[in-house]
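Take a look at the structure set out below.
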Amino acid sequence: MSEPIIASSSRSAEDGPPTPIHCLYESELAAFVEARPSFVRGFVALEDFKAKAGQVLVLPTPQGAVDRVLLGLGVRGKAEAALFRALPARLPAGDYRLAAVPDGLDAGQVALAFALGAYRFDRYRPRTGEEPRRLVADENIDLDEVHAVAHACALARDMVNTPANDMGPLQIETIAREIAERYGATLEVIVGDDLLEANYPAVHAVGRAAVPARAPRMLELTWGDATHPRLAIIGKGVVFDTGGLDIKPSGGMRLMKKDMGGAAHALALGRMVMAAGLPVALSVLVPVVENAIAGDAMRPGDVLATRAGLTVEVGNTDAEGRLILADALTRAAELEPALTIDLATLTGAARVALGPQVIPFYTPDDDLALEIEEGAREASDPVWRMPLWEGYREAVESDIADLKNDPDAWAQAGSMTAALFLQRFAPTTGSWVHFDIFAWNPKGRPGFASGGEAQVIRGLYGMLKSRFPKAQA
C-alpha cells in the first residue's frame, strides 16, 4: 500500500501549499458558495453538487489548476469519518489538507479513513509511475498509530486477495514469522503429523489430505509481559476450501481463497496490539489447513477426536472451519486468557442474516458486547450482536458422539448453531467472543474496492485500547 498520509512537518517548502479540502454539510453549502466568485458558483451548479454525504467536487482555478476540493457531509450530525475513504480515488495527484476537521469527527479517524481508501491490490498488475494522493495530517494526530492500523488492514486485505497458489500454509507461516520478528514475539509452529503428537487432532484431520508442501500446521505467536492479562486472538486459516468430499459446486468454490480471512484478521489485529504496545500478554493462535480431496481426506460419518477430549461426528466435510477452531479454542483455554477473540469466515448463513457489510458476533458477556459495539461505532466498523440461543444447542448434538459439525436442519440458524458449537470449546476463564466475518466486498463502492476487506478489527482495536489502557507517562 502506498503511503497516503504525511505529517506537515515532513514536507519541504518546495512541495508548495497543500490543496484545501472543505467539508460541508448540506445546510452550509449556500453560504459557502455565496462567498465565492461567480465562476465557482456556476461550476457548483453545473456539477449539481448538493453536499450530499460522500459527494466530491474538485474546483478548478480559472486557469484549470486545482483550486480546492469540496466534500459533502450530508445532514449535520450524521457524518462519519468513513466518508473520507472515497477521497483518494477521486482526487488528482498531490498533497491535500482539511480546511477544518468537521465537528463531531475525530481527526485521527479521518486520516485513517483516507489511508484505507487509498488501498489497492496490485501484486499482479503493478502500477508504476503514478503520483500519490496524500493528506497532510493534523500535528495532533498520532501518525504512527494511523500508519500502523492502516498497514495492518492492508496486510489483511492483501492476504485475502492473494490466490491460494501464492497464499498457502507456508506463506501464512512466513507472514506470522515476519510479524513476530518485527515486534520481538516468539512463534511456535507445529506441522503435519507432528500435530497428532502435539494433540491437535482436528487440525490434522481437516488438513491431512493436502500435498506435503501444503501440510496443515498450528501457529502460536506469543508476545508481551506474561504478568499482564492474557489476550488470545484466534483466526481460521483455511487457505482453500474445496468442501472436501462434500465438494462445493464451482460457484461456491470460486472465492474460497478468502477462507483464510480469519487468520489474516487475527494476524492483523495482533500486529496492531503489538505496534501500540498494549499492556497484555498476547497469544495469536492460527490453525492453517487446506481442505483438499484425496484418498485420506476425512469422510462424512467419521468421528474425530479433538484437543478438548470431545468427539465430533463429521456430518459434512464442508463444515471444517469449526473443527480446526475447536482445537485452537481449547489451546486458548489452557492459557487462561482474560479475553478470547475468534475470527472466522465461517458460514454463508451470516450473510443471509446481515449481508456482506454488517458482521454478526456472539458472546455471553453483556459488558463485553457493549464495549465491542462502542468501539465499532467510533471506528465505523459495523457489527451486530446475535444471540446464543439455548433452544438451538441440541441441534449440534450427535447420536454417536459428543457433537456433530452439521446442525440439524430444523434449527435453520446456521451462523448461530456454529457459534454454539464453538462455545463448547471456548475458554471459561475471562470473556469470549466469536465473529462470523465475510472479509470481502462483493460490490465496489466509493472508498471500498471490490475484493478483500478488513472487517471488525479496527473497532476491536479501539475496544482493546479502552479495556487495556497504557499507563500514563
Side-chain angles (χ1 to χ4, degrees), residues 169 172-173 176 186-210 215-222 230-239 244 260 262-263 266 270 281-291 296-299 302-317 319-344 346 362 393 396-398 400-406 418-434:
I172 292 181
E173 176 189 333
T186 60
L187 181 68
E188 180 183 3
V189 182
I190 304 169
V191 182
D193 289 344
D194 289 344
L195 289 164
L196 295 174
E197 183 70 23
N199 194 23
Y200 290 101
V203 177
H204 180 270
V206 174
R208 70 191 183 206
R217 61 204 67 204
M218 183 71 196
L219 313 180
E220 182 170 337
L221 181 151
T222 305
R230 176 70 57 182
L231 168 63
I233 303 174
I234 299 168
K236 171 190 167 185
V238 178
V239 298
M260 38 59 64
L282 175 67
S283 296
V284 180
L285 306 170
V286 181
V288 187
V289 301
E290 179 164 24
N291 190 16
D296 60 347
M298 63 177 179
R299 296 164 289 265
D302 283 358
V303 176
L304 306 182
T306 67
R307 187 179 183 88
L310 297 173
T311 54
V312 179
E313 181 184 10
V314 178
N316 190 321
T317 62
E320 81 298 333
R322 66 200 70 189
L323 298 174
I324 65 173
L325 288 173
D327 276 359
L329 283 164
T330 304
R331 171 55 185 158
E334 296 163 7
L335 302 172
E336 299 183 345
L339 174 61
T340 301
I341 300 168
D342 80 67
L343 302 138
L346 204 59
Y362 300 83
R393 194 173 294 279
V396 296
E397 295 175 356
S398 167
I400 65 170
D402 294 309
L403 296 165
K404 58 185 176 183
N405 75 333
D406 63 329
L420 288 166
F421 178 96
L422 295 179
Q423 191 179 22
R424 290 290 300 272
F425 301 89
T428 54
T429 60
S431 301
W432 162 74
V433 60
H434 160 63

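Here the structure is a predicted model, which means the values were calculated and not measured. Positions are given from 1 along the sequence.
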- line: With sequence neighbours left out, the residues meeting side chain to side chain contact (heavy atoms under 4.5 Å, CB included) with Glu334 are Arg307, Thr330, Arg331
Please set out all donor-acceptor pairs under 3.5 angstrom arising from side-chain atoms of residues 190-204, sequence neighbours excluded.
{"unit_1": "Asp193", "atom_1": "OD1", "unit_2": "His204", "atom_2": "NE2", "d": "2.9"}

- request: With sequence neighbours excluded, tell me which residues meet side chain to side chain contact (heavy atoms under 4.5 Å, CB included) with Ala263.
  value: Val286
- prompt: Between Asp402 and Thr311, is there a donor-acceptor pair closer than 3.5 Å when you use the side chain of the first and the backbone of the second?
  reply: yes
statement: Taking every heavy atom of Pro337 against every heavy atom of Ala332, the minimum-distance pair comes out as CD-O, 3.1 Å
- prompt: Under 3.5 Å, is there a donor-acceptor pair between the side chain of Ser431 and the main chain of Leu339?
  reply: no
query: Looking at Val433, Leu325, Ile233, which hits side-chain contact (heavy atoms from CB on, under 4.5 Å) with Leu343?
result: Ile233
field: Donor-acceptor contact present, side-chain Asn405 to main-chain Asn316, <3.5 Å
entry: yes
Minimum heavy-atom distance Lys236-Ala344, with the two atoms named: CB-CB, 3.7 Å
task: List the atom of Arg230, the atom of Leu335, and the distance in Å for their closest heavy-atom pair.
output: CG-O, 4.0 Å
query: Between Phe425 and Phe421, what is the ring plane arrangement, given parallel below 30°, perpendicular above 60°, and tilted in between?
result: tilted
- prompt: For the residue pair Val303 and Ala401, what are the closest heavy atoms and their distance?
  reply: CG1-CB, 4.0 Å
